[in-house]
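Data block below; observations after.
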Number of protein chains: 2
Amino acid sequence: MTKSVTFDFNKPEENLGYLLWQTTMRWQRLMNRALEDIGLTHTQFVILAALGWLLKQNDYVTQKDIAEHSNTDRMMVSKILRKLQADGLVIRREHEKDTRAKIVEITDEGIEILQKAIAIKTQANEGFFEKIDNKSRFRTELENLIS
Amino acid sequence: MTKSVTFDFNKPEENLGYLLWQTTMRWQRLMNRALEDIGLTHTQFVILAALGWLLKQNDYVTQKDIAEHSNTDRMMVSKILRKLQADGLVIRREHEKDTRAKIVEITDEGIEILQKAIAIKTQANEGFFEKIDNKSRFRTELENLIS
DNA sequence: TGAAAATTGTTGTCGAGAATACTATTGTTG
DNA sequence: CAACAATAGTATTCTCGACAACAATTTTCA
């Protein structure tokens, strides 16, 4: 009756990739819930934070700059910036010299939300990673994986 | 002209959560590309593998069992199993005693695909994690985060 | 027993992330 | 200069993941 099913694989929990995936899913849920109160998702925060970061060092910032800096693709940046603009957190206008490009600015409300978000995320992250024994080693391992 | 933008935050790259997220995104892209040839996505694989695993130990498996074991929610399991059924990899039928539940079985084709997928993923994972200095320590840290 | 609570699965909505293809513009170079 | 290549951004499509609401049971326990 029961089909004999024999697979040559370990428990999923023993797989590093599965563990990594589970961990990140949990982290992302936590971040999204933490940011929920101020109406941002994790990814929206990443884009907004990248914009804020870039504005500290550059006169103007294009969508391409944000995409490069945040390691997300330009499609995602395009979508999310439109959403952030609709919410009044950023402004997009044409580049004067390169009419293909869009200059992105942050509004006062955007700055306010971003600052709140940074505080929220800092606290949430501290809670999440407090169980790590050796943070610098863990960071190094992650950096190895991305390098 | 330029708005003075001062934020109290570190480089994103220095943030453990951001690193973790980036790493998993990269891992998942790799897995999806590796599985592409056999027409499975990473998540579909997770569900199918959970089913395979559970069938090794149980007479019958319900969607709820799969959801619990794979740490995905029952809606996802419902959707994906329907897709896998449409592709001929699994069969769903009613539980005889509990008509709310569905019994899920794997077809011969499902077994074949799963075995191929396991081989593909094993190899892809080895490549991805070879840069880790100390795998058991890394695993322990991840387990700490989920615990 | 019978009403309330819990369980199993589905539907639909929204945002994220990837892929392909497209428009419009700018850069390059023969 | 003109043809070709590269770039910036968008539209569309598909799957994943979270969530809320719902139907149809089954379980619980007063």
Side-chain angles (χ1 to χ4, degrees), chain A residues 18 21-36 39-48 50 60-87 90 92-104, chain B residues 18 21-36 39-48 50 60-87 90 92-104:
Chain A
Y18 184 76
W21 180 60
Q22 287 292 313
T23 306
T24 299
M25 287 299 101
R26 187 170 298 217
W27 176 81
Q28 199 164 354
R29 270 194 298 271
L30 181 67
M31 292 302 131
N32 279 327
R33 269 198 280 262
L35 290 174
E36 201 168 57
L40 279 186
T41 65
H42 162 61
T43 310
Q44 287 166 10
F45 167 78
V46 169
I47 302 293
L48 193 59
Y60 63 90
V61 176
T62 66
Q63 295 191 185
K64 180 205 157 209
D65 297 332
I66 297 174
E68 277 178 0
H69 191 76
S70 63
N71 283 314
T72 51
D73 63 70
R74 53 201 180 143
M75 299 290 317
M76 190 53 35
V77 172
S78 174
K79 275 188 209 167
I80 288 185
L81 282 180
R82 285 156 146 301
K83 175 70 163 59
L84 294 180
Q85 185 173 33
D87 292 348
V90 306
R92 293 182 311 148
R93 53 187 180 79
E94 275 206 349
H95 191 297
E96 287 162 12
K97 294 180 181 168
D98 184 347
T99 59
R100 293 171 305 181
K102 294 245 168 84
I103 302 295
V104 188
Chain B
Y18 184 77
W21 180 58
Q22 287 292 313
T23 306
T24 299
M25 289 298 101
R26 187 171 296 218
W27 176 81
Q28 197 163 354
R29 270 194 298 269
L30 180 68
M31 292 302 132
N32 280 326
R33 269 197 278 262
L35 290 174
E36 201 168 58
L40 279 187
T41 64
H42 162 62
T43 310
Q44 287 165 9
F45 167 80
V46 169
I47 302 293
L48 193 60
Y60 64 90
V61 175
T62 65
Q63 297 191 182
K64 179 205 158 209
D65 297 332
I66 297 174
E68 276 178 1
H69 191 75
S70 61
N71 283 313
T72 51
D73 60 44
R74 55 202 176 144
M75 286 82 95
M76 189 56 32
V77 172
S78 174
K79 279 184 205 168
I80 288 185
L81 281 180
R82 226 153 338 113
K83 174 70 163 60
L84 294 179
Q85 185 172 36
D87 292 348
V90 307
R92 292 180 312 149
R93 54 188 181 77
E94 273 206 351
H95 191 298
E96 288 161 10
K97 293 179 181 166
D98 184 347
T99 58
R100 291 171 308 179
K102 293 245 168 86
I103 301 295
V104 188

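Residue numbers begin at 1 in each chain, while the letters A, B, ... track the order of the sequences.
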Residue matched to dG30(C) through Watson-Crick or wobble contacts both under 3.5 angstrom: dC1(D)
Residue among Thr72(A), Leu48(A), Val77(A) satisfying side chain to side chain contact (heavy atoms under 4.5 Å, CB included) with Ile66(A): Val77(A)
Of all the nucleotides listed (dT8(C), dC16(D), dG9(D)), which has the minimum atom distance to the side chain of Thr43(B)? dC16(D)
Can Ser78(B) and Arg82(B) be counted as having a side-chain donor-acceptor contact under 3.5 angstrom? yes
Would you call Asn71(B) and Trp21(A) a side-chain contact if the rule is heavy atoms closer than 4.5 Å? no
Indicate, with a heavy-atom threshold strictly under 4.0 Å, whether Lys79(A) touches base, sugar-phosphate, or nothing. base
Is any side-chain N or O of Gln63(B) closer than 4.0 Å to OP1 or OP2 of dT10(C)? yes
Grab the NZ-P distance between Lys64(B) and dT25(D) for me, whole Å please. 19 Å
Can you confirm whether Thr62(B) sits close enough to Ile103(B) that some side-chain heavy atom of one is under 4.5 Å from a side-chain heavy atom of the other? yes
Below the 4.0 Å mark, does dA16(C) have OP1 or OP2 next to a side-chain nitrogen or oxygen of Trp21(B)? no
Let me know the distance between CZ of Arg74(A) and C1' of dA6(D), rounded to the nearest Å. 11 Å
Please determine whether a side-chain nitrogen or oxygen atom of Gln28(A) lies at a distance below 4.0 Å from atom OP1 or OP2 of dG17(C). yes
For the residue pair Arg33(A) and Arg29(A), establish whether any side-chain heavy-atom pair is separated by less than 4.5 Å. yes
At less than 3.5 Å, do the side-chain atoms of Arg100(A) and the base atoms of dG9(D) form a donor-acceptor pair? no
Please determine, by modelled atom types, if Thr41(A) and Thr43(A) share a side-chain donor-acceptor pair under 3.5 angstrom. no
Nucleotide dA11(D), atom C1' - distance to CZ of Arg82(A) in whole Å: 9 Å
Which part of the nucleic acid, if any, lies within reach of Met75(B) when heavy atoms closer than 4.0 Å are counted: base, sugar-phosphate only, or nothing? base
Could you tell me the separation between the CG atom of Asp73(B) and the P atom of dT11(C), rounded to a whole number of Å? 15 Å
Between dT10(D), dA16(C), dT26(D), spot the one nearest the side chain of Asp98(B), thanks. dT26(D)
Interatomic distance where CG belongs to Leu40(B) and C1' belongs to dC14(D) [whole Å]: 16 Å
Length of the CG-P vector between Leu81(A) and dG9(D), whole Å: 9 Å
Given dG9(D), is OP1 or OP2 found less than 4.0 Å from the side-chain N or O atoms of Ser78(A)? no
Mind calculating the distance between CD1 (Ile80(A)) and P (dG15(C)) to the nearest angstrom? 10 Å
Does a side-chain N or O of Arg33(B) approach OP1 or OP2 of dG17(C) to a distance below 4.0 Å, or not? no
By nearest-nucleotide position on DNA chain C, the 5'-leaning member of Val77(B) and Arg26(B) is Val77(B)
Sorted by position of nearest nucleotide on DNA chain D, 5' first, the leading residue of Glu68(A) and His42(B) is Glu68(A)
May I have the distance from Met76(B) (atom CE) to dT11(C) (atom C1'), rounded to whole angstrom? 13 Å
For Thr72(B), which contact category applies under a 4.0 Å heavy-atom criterion: base, sugar-phosphate, or nothing? nothing
Measuring from the side chain of Thr41(A) (C-beta onward, heavy atoms only), which nucleotide among dT15(D), dG9(D), dA16(C) has the closest atom? dA16(C)
Does Thr99(B) or Gln44(B) map to a spot on DNA chain D nearer the 5' end, using the closest nucleotide for each? Gln44(B)
The side chain of Thr62(B) lies closest to which of these nucleotides: dG15(C), dT25(D), dG9(C)? dG9(C)
